[in-house]
There are 2 protein chains.
Amino acid sequence: MARPRTPLLSRERIVAAALRLIDDEGLDALSTRRLATELSVSGPSLYNHFATKDDLLDAVVDSVIGEVDLSMFGAAAGDAGAAGTAGGAGGTGIAWPQALRDWARSYRAALAAHPNIVPVLAQGPGRRPNALRLADAVFGHLVESGWPRGQATRIGALMRYFVTGSALASFAAGFPADAEVYDAADYPHLGEAHRLAGHRGTVDEGAFETGLEALLDGLALRYARLAERP
Amino acid sequence: MARPRTPLLSRERIVAAALRLIDDEGLDALSTRRLATELSVSGPSLYNHFATKDDLLDAVVDSVIGEVDLSMFGAAAGDAGAAGTAGGAGGTGIAWPQALRDWARSYRAALAAHPNIVPVLAQGPGRRPNALRLADAVFGHLVESGWPRGQATRIGALMRYFVTGSALASFAAGFPADAEVYDAADYPHLGEAHRLAGHRGTVDEGAFETGLEALLDGLALRYARLAERP
DNA sequence: ACCTGAACACCGTTCAAGT
DNA sequence: ACCTGAACACCGTTCAAGT
């Protein structure tokens, strides 16, 4: 059998299987041969749908970013004309702190569902449409809310730093559950660290929420200063 | 020639060569054979010094973390007895916001010098001594400055999120310098994004500093609330 | 157009053999 | 103890061959 009348593969099927493999067994487990076996075809078949393995990875990454909710930015971007002043958010969109909060939570949730691919995704948008759409929506909303363009760029960057960092790996699970590791002579304050892994979910979520609210508070201070000194 | 009278390799030489290879050509370029060639030995020779490639990577990672300055935590940790209240930092150590600021900058500088290995390092301390020492110093300083243990854990986590995220990749360089990428119909606010890569250093550093100060401001608000409601 | 097997230059790791 | 070459089961990718 060489070419079937109806194609065995599609980009969508390949991307879905690749993401499953990465989620279940890590980025290193994704090999073209292994993936092909999973899809019941031979290795080189994949090259009819993607030029290289990197191209395939790009598609996987963009499918993950496509899950991030951007609807909180939509309304403000659409109307409001020249909002442009720091007095308040333009148009009918929700205020920027709440929009950033909602977006950051959705962003983190989408990435944390696939931590093994975050190192690839963190390299930046490149030419991936969903990643560019995300950057466009955040930057546009901030500018229309009255942030100067340079500041808006920095906020987009620092939010990505924080979200990708929080999705890359669990903080709690990074500490071995074996109490023997934490010799009191070497690490006097880590006597309870072996219990962290057991509270993985709450520790990581608590740290993310604390950091997010601290960031938003700190940014609100700076936003208030924009109005004072125009 | 089989075994020379004086060993050709040492763990230190192997780690240094591996880090150079990772810095220059990326994590994927580090293969045991390639590394061995760089060191003028045959591939299997490395297995006399490291059990597996993962063990070698662990040593590389810990050598990078060893570059992070922890001296700002030293003084407060050493004395102060039972500081324990939110009124002020215990002992002669500098106050926690300045200590966190200095540490975060050193942490980021050490990691940003070797971005290709950050995904490995971000998995957590594991059993690596320098990584555990770092976690111990930060947590100890925060607790002795009056932060409740749960909050101190979260702050350690969220600072790592932010620093690793900022060192993982350049935000600015993630946007292609080719203006053709940013079609105004698709991305109405990214008309200037092709100029980001040219200002890589200032954009990334500005975003890091803005985020760091915002985080510290937000945390200071919470610290003040600790004293109000004991 | 889309799949196949064979082939090329690579991998990490094991192991018997050398000194 | 520390290095070697040979070997095993893998890689990503190319290519001629099939329908």
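Throughout, protein chains are lettered first and strands after them, A, B, ... in sequence-line order, and every chain is numbered starting at 1.
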Between R34(B) and A51(B), which has a closest nucleotide on DNA chain C that is more 5'?
R34(B)
Are OP1 or OP2 of dC3(D) and a side-chain N or O of H49(B) less than 4.0 angstrom apart?
yes
Are M159(A) and W103(A) packed together at the side-chain level, in the sense that at least one heavy-atom pair is separated by less than 4.5 angstrom?
yes
Could you check how far CG of L39(B) sits from C1' of dC2(D), rounded to whole Å?
15 Å
Testing dA7(D), dC3(D), dC3(C) for proximity to the side chain of L9(A), the answer is dC3(C)
Report the nucleotide, chosen from dC2(D), dT4(D), dG12(D), that has the shortest atom-to-atom distance to any side-chain atom of V41(B).
dT4(D)
Between dG12(D), dG12(C), dC3(D), which one does the side chain of Y47(A) approach most closely?
dG12(D)
Quick one: label L46(A) by what it contacts on the DNA or RNA (base, sugar-phosphate, nothing), any heavy atom closer than 4.0 Å.
nothing
For a quick test of reading the model: is some side-chain N or O of S45(A) closer than 4.0 Å to OP1 or OP2 of dC3(C)?
no
May I have all residue pairs that pass salt bridge (Lys or Arg N to Asp or Glu O under 4.0 Å) and include part of residues 49-60 of chain A, sequence neighbours excluded?
D58(A)-R128(A)
Side chain to side chain donor-acceptor pair (under 3.5 Å) involving R108(A) - partner list, sequence neighbours excluded
none
Candidate nucleotides dC2(C), dT13(C), dG5(C), ranked by approach to the side chain of K53(B) - the nearest:
dT13(C)
P7(B) has a side chain; which of dG5(C), dC2(D), dG12(C) sits nearest to it?
dC2(D)
Could you check which of dT13(C), dT13(D), dT4(D) has an atom nearest any side-chain atom of T52(B)?
dT13(C)
Proximal nucleotide (of dG12(C), dC2(D), dA6(D)) relative to the T32(B) side chain:
dG12(C)
Rounding to an integer number of Å, can you tell me how far N48(A) CG sits from dC2(C) C1'?
5 Å
When you check the gap from the basic side-chain N to the acidic O, do D69(B) and R105(B) get nearer than 4.0 Å?
no
For DNA chain D, list all stems, counting runs of three or more consecutive pairs where every pair is Watson-Crick or G-U wobble with both distances under 3.5 Å.
C:4-8 with D:12-16, C:12-16 with D:4-8
In whole angstroms, how far is the P atom of dG12(C) from the CG atom of L56(B)?
10 Å
Should S31(B) be listed as having a side-chain N or O under 4.0 Å from OP1 or OP2 of dC11(C)?
yes
